[in-house]
Amino acid sequence: MIRPFILEETNWKAVKDSRYDLAILPWGATEAHNYHMPYGTDNYQVNYVVTEAATTAWSAGAKVLVLPTMSYGIQTGQMDIPYCMNLLPSTQLIILKDIADTLVKAGCPKLVIVNGHGGNNFKNIIRELSFFFPSLFVCAVNWYDAVPTKAYFEKPADHADEFETSCIMHIRPDLLLPLSEAGDGTTKRFKIEALRSGWATAQRQWTSISADTGSGNPELANEEKGKKYLEACKARLSGFFIQLSQVNNNEIYE
């Protein structure tokens, strides 16, 4: 069945007479996820949660439009890992300027970038987009920040861990190797206290901190945990999509 809020599925007959209040752009990455998870983990996750949330929002009357998922992210700390597909931030800006231009010409007033990859950061790109396209409201959200993982997982970390493995167990179990094939996700920390505690920031060189490209042990993962967490994220994001789609750009502040 054609879903009219999924741009890749809908058609010109439907689009030409439609007005969309919010475009949603899922943005993932293609990279190694320990030994047991697919390179497309971030894409499967962000596409799933966006589609589920948009389904709920559309059913509630929100005029949302899900754009095709961007499957390449920033991998500058993983360039020595084969086929971690890298887009530089400057390239992301160029892509987003073209997308924003298309949305403005089509009359869409708002864009939310739903990020699924920890290496992506759209804050300064949004600042630049607001300079070139003042009529377009742009914001970004990390889907995995919508709901705290600690409430659903015993040992969540930040890459191919219990959290991500549980989610893929629910979304694409056919692409997972058995947990017996996974590394333990042990990672090294910065020696410098400021970097370790987070008030100073630097890029992590991934092969220097992890032997298996994981960060966090996936051994406690199971499908039920992933299902419950994804349901919570769907509810949170769908509420956000509904509220954002219904407010006018000149009424964002109160």
Side-chain angles (χ1 to χ4, degrees), residues 25-34 37 39 41-43 45-46 49-50 70 72-81 84-93 96 112-130 138-168 182-221 225-226 229-230 232-233 236-237 240:
L25 176 60
W27 200 305
T30 301
E31 60 175 356
H33 272 75
N34 204 318
M37 301 187 74
Y39 264 61
T41 289
D42 292 344
N43 306 319
Q45 290 178 150
V46 72
V49 76
V50 163
M70 285 297 304
Y72 300 89
I74 298 171
Q75 303 290 347
T76 50
Q78 302 187 86
M79 295 308 296
D80 52 349
I81 301 174
C84 286
M85 306 302 293
N86 179 54
L87 281 188
L88 294 174
S90 55
T91 307
Q92 289 183 321
L93 172 61
L96 279 165
V112 58
I113 305 163
V114 181
N115 179 42
H117 169 56
N120 293 334
N121 188 326
F122 297 100
K123 183 175 181 179
N124 285 334
I125 290 176
I126 289 173
R127 293 180 185 276
E128 191 152 348
L129 290 176
S130 70
V138 185
C139 63
V141 58
N142 298 327
W143 77 264
Y144 45 83
D145 286 337
V147 177
T149 55
K150 290 182 179 179
Y152 292 82
F153 305 99
E154 296 169 64
K155 296 181 179 180
D158 69 347
H159 197 247
D161 57 340
E162 176 194 358
F163 147 60
E164 282 203 303
T165 301
S166 295
C167 290
I168 293 297
D184 64 10
T186 298
T187 56
K188 297 179 180 179
R189 302 189 305 166
F190 284 111
K191 290 182 179 179
I192 310 303
E193 186 277 331
L195 292 168
R196 194 167 61 244
S197 61
W199 62 272
T201 59
Q203 177 176 270
R204 292 182 293 181
Q205 186 62 37
W206 211 255
T207 52
S208 296
I209 68 166
S210 174
D212 50 36
T213 77
S215 176
N217 198 325
E219 64 180 350
L220 298 177
K225 291 178 182 178
Y229 182 73
L230 289 164
C233 288
R236 194 82 189 276
L237 283 170
F240 173 56

How are the rings of W143 and F163 set to each other: parallel, tilted or perpendicular (split at 30° and 60°)?
tilted
Given 3.5 Å as the limit, does a donor-acceptor pair link the side chain of Y144 with the main chain of D158, or not?
no
Taking only residues two or more places apart in sequence, or in another chain, which ones meet S210 in a side chain to side chain contact (heavy atoms under 4.5 Å, CB included)?
T187, W206, D212
Any donor-acceptor N/O pair, R236 side chain to V147 backbone, under 3.5 Å:
no
Output the distance between atom OG1 (T201) and atom CG (N121), rounded to the nearest 0.5 Å.
10.0 Å
Quick one: does V138's side chain get under 4.5 Å of L96's, heavy atoms only?
no
Nearest heavy-atom pair of A157 and G216: which atoms, and what distance?
CB-CA, 3.4 Å
Would you mind reporting whether P156 and K150 have side-chain heavy atoms less than 4.5 Å apart?
yes
Looking at every heavy atom in both N34 and A160, which two are closest together, and how far apart are they?
CB-CB, 3.7 Å
How many angstroms lie between atom NE2 of H159 and atom NE2 of H33, to the nearest 0.5 angstrom?
3.5 Å
Expected output: side-chain D161 to main-chain G214 donor-acceptor under 3.5 Å
no
Which heavy atom of N142 sits nearest a heavy atom of N115, and at what distance?
OD1-ND2, 2.8 Å
Below 4.5 Å, heavy atoms only, C-beta onward: do V112 and F240 meet side chain to side chain?
yes
Rounded to the nearest 0.5 angstrom, the CD-OG1 distance for Q78 and T207 is 8.5 Å
Could you check whether any side-chain N or O of N86 sits under 3.5 Å from a backbone N or O of Q75, counting only pairs where one atom can act as donor and the other as acceptor?
yes
Measuring only between side-chain heavy atoms, which start at C-beta, is V50 closer than 4.5 Å to L237?
no
Scanning both residues in full, the closest heavy-atom pair of N43 with G28 reads OD1-CA, 3.3 Å
T186: which residues meet the side chain to side chain contact (heavy atoms under 4.5 Å, CB included) condition with it, sequence neighbours left out?
D184
Would you give the length of the straight line joining atom CD of Q203 to atom CD of Q205, rounded to the nearest 0.5 angstrom?
6.5 Å
With a 4.5 Å limit on heavy-atom distance, are the side chains of S166 and F153 in contact?
yes
What is the minimum heavy-atom distance between Y152 and P148, and which atoms define it?
CD1-O, 3.7 Å
In this structure, CZ of R204 is separated from CG of L195 (nearest 0.5 Å) by 11.5 Å
Test your reading of the model: is there a side-chain donor-acceptor pair from H117 to the backbone of W27, 3.5 Å cut-off?
no
Heavy-atom check, side chain of Q92 versus side chain of I74, under 4.5 Å:
yes
Do you know the tightest heavy-atom contact between P218 and G183?
CD-O, 3.6 Å
Under the salt bridge (charged side-chain N to carboxylate O under 4.0 Å, His left out) test, residues paired with E162 that sit two or more places apart
K225
Just wondering, do T213 and E31 contact through their side chains at under 4.5 Å, heavy atoms?
no
Please say whether more than 12 non-hydrogen atoms of neighbouring residues, nucleotides or ligands are located less than 6.0 Å from CZ in F122.
yes
How long is the span from the SG atom in C167 to the CG atom in D42, to the nearest 0.5 Å?
11.0 Å
Less than 4.5 Å apart, any side-chain heavy atom of I168 and any of Q45?
yes
